Amino acid sequence: MLTVSGLTTEFRARGGRFTAIEDIGFEVPQGIAVGLVGETGSGKSVTIRSILGLLPPPGRVVAGHAEFDGLDLCRATRPQLRSVRGRRIGFVAQNPFGSLNPVLSIEKQFANVVRAHRGMSRSAVRELALERLASVHVRGPERVLRGYAHELSGGMAQRVVIALAMLHDPPLVIADEPTTALDVTVQRQILDLIAAQVAAGNRSLLLVTHDLAVVAQYCQQVVVMRAGHVVESGPVADVFGAPEHPYTKQLLAAVPPAPWSLASSLHEAGVDR
Ligand SMILES: Nc1ncnc2c1ncn2[C@@H]1O[C@H](COP(=O)(O)OP(=O)(O)OP(=O)(O)O)[C@@H](O)[C@H]1O
Ligand SMILES: [Mg+2]
């Protein structure tokens, strides 16, 4: 579904260049959830943004490929990327308020996403938006549609972002720490919601998180990053059950003890360490 190889991204500024990620390679197979983990600054977001063509300047992909739908996203044109992001890859970022437009009503934002990719009447857009808001369990969807992002709680705003990201039924969903900006009490609900939407459409998921228990619960495969490199990857049961790289061992050792921990998630997944 998505094949990343040799991906290398630099930030260039006056006086030098900084290689944020180097020679990154992994696959997200059809219908599989892949967790991308690593400590802060390891290059998870730069990897995702390199794939999606959303690197902030002065970031630049200097080598490698991200093959998706027969297209190398690293060499795609802006219109091609925009089309892929809207229709084929649903992206959920960390901060929902950064994804929503503060000066447009939620209804207008649904209309913009729909119209960018297919023609539809205003009432048809409204009906579709209401149906999708209901599917992500947004309470009072009529009122939400008339309103603006700032009137929503963080959890509700992220539900709206998820509904927008799923609007065109994309076969691949990429979520970059989709819950870290949210209240702890709603984090699991949002992850459950993403997992349910992914499972319902037999989609693939690339989930960035620094929480190994989340990977154990929601993903079948894991890619471990450190300092801009992939240090280990494979099925969750193999990597967490018998980690090969010292860094992965260290990450696993840092997980707090049961009952809320990785150990219990792994046990539920049928892995005993
Ligand atoms: N706009 C930028 N300009 C310069 N350097 C950047 C920029 N964005 C990221 N970097 C650098 O690239 C490296 C990787 O950052 P990245 O944001 O991908 O980390 P991350 O793994 O997503 O961390 P976190 O878990 O904190 O989100 C870091 O050293 C960071 O300082
Ligand atoms: Mg990040």
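The figures here come from the full heavy-atom set of this structure, side chains too, leaving out hydrogens, waters and symmetry mates. Bear in mind that the values here come from a model prediction, so they are computed numbers and not experimental data. Counting starts at 1 for both ligands and their atoms, in listed order.
- Counting only non-hydrogen atoms, the option in Lys44, His210, Glu39 that gets closest to atom 25 (O) of ligand 1 is Lys44.
- Around the Mg ion (ligand 2), the protein atoms of type N, O or S found under 2.8 Å away are Ser45 OG, listed by chain and number.
- Less than 4.0 angstrom separates some heavy atom of Pro56 from each of these atoms of ligand 1: 1 (N).
- Annotation for ligand 1: atoms under 4.0 Å from non-hydrogen atoms of Val46 are 9 (C), 12 (O), 14 (C), 15 (O), 16 (P), 18 (O).
- Atoms of ligand 1 lying under 4.0 Å from at least one heavy atom of Ser42, given by number and element, are 19 (O), 21 (O).
- Among all protein heavy atoms, the one lying closest to atom 31 (O) of ligand 1 is Phe18 CE2, 4.7 Å.
- Nearest heavy atoms, Phe91 versus Ala165: O-CB, 3.8 Å.
- Close approach of ligand 1 to Gly41 is summarised as follows: ligand atoms under 4.0 Å from at least one heavy atom of the residue are 13 (C), 14 (C), 19 (O), 20 (P), 21 (O), 23 (O), 24 (P), 26 (O), 28 (C), 29 (O).
- Under the 4.0 Å distance rule, the nearest protein heavy atom to atom 29 (O) of ligand 1 falls inside the cut-off.
- Within 6.0 Å of CZ in Arg122 there are 12 or fewer heavy atoms belonging to other residues, nucleotides or ligands.
- Side-chain atoms of Ser204 come within 3.5 Å of backbone N or O of Gly31 as a donor-acceptor pair.
- Distance from atom 12 (O) of ligand 1 to its nearest protein heavy atom, with residue and atom name: Ala20 CB, 3.5 Å.
- Minimum interatomic distance between Ala216 and Phe240 (heavy atoms only, all atoms of both residues): N-CE2, 4.2 Å.
- If you look at Glu177 next to ligand 1, the close heavy atoms, those under 4.0 Å, all belong to the side chain.
- Shown here for Thr47 and Leu7, the closest heavy-atom pair between the two residues is O-CD2, 4.1 Å.
- In this structure, atom 2 (C) of ligand 1 is in close contact with the protein, since a protein heavy atom lies within 4.0 Å of it.
- The nearest heavy-atom contact from the protein to atom 8 (N) of ligand 1 is Phe11 CZ, 3.6 Å.
- In terms of heavy-atom proximity, Met156 sits nearest to His137 at CE-O, 4.0 Å.
- For atom 17 (O) of ligand 1, the closest non-hydrogen atom on the protein side is Ser45 CB, 3.7 Å.
- There is no side-chain donor-acceptor pair under 3.5 Å between Gln30 and Arg203.
- Taking a cut-off of under 4.0 Å to the non-hydrogen atoms of Thr40, the atoms of ligand 1 that pass are 23 (O), 24 (P), 25 (O), 26 (O).
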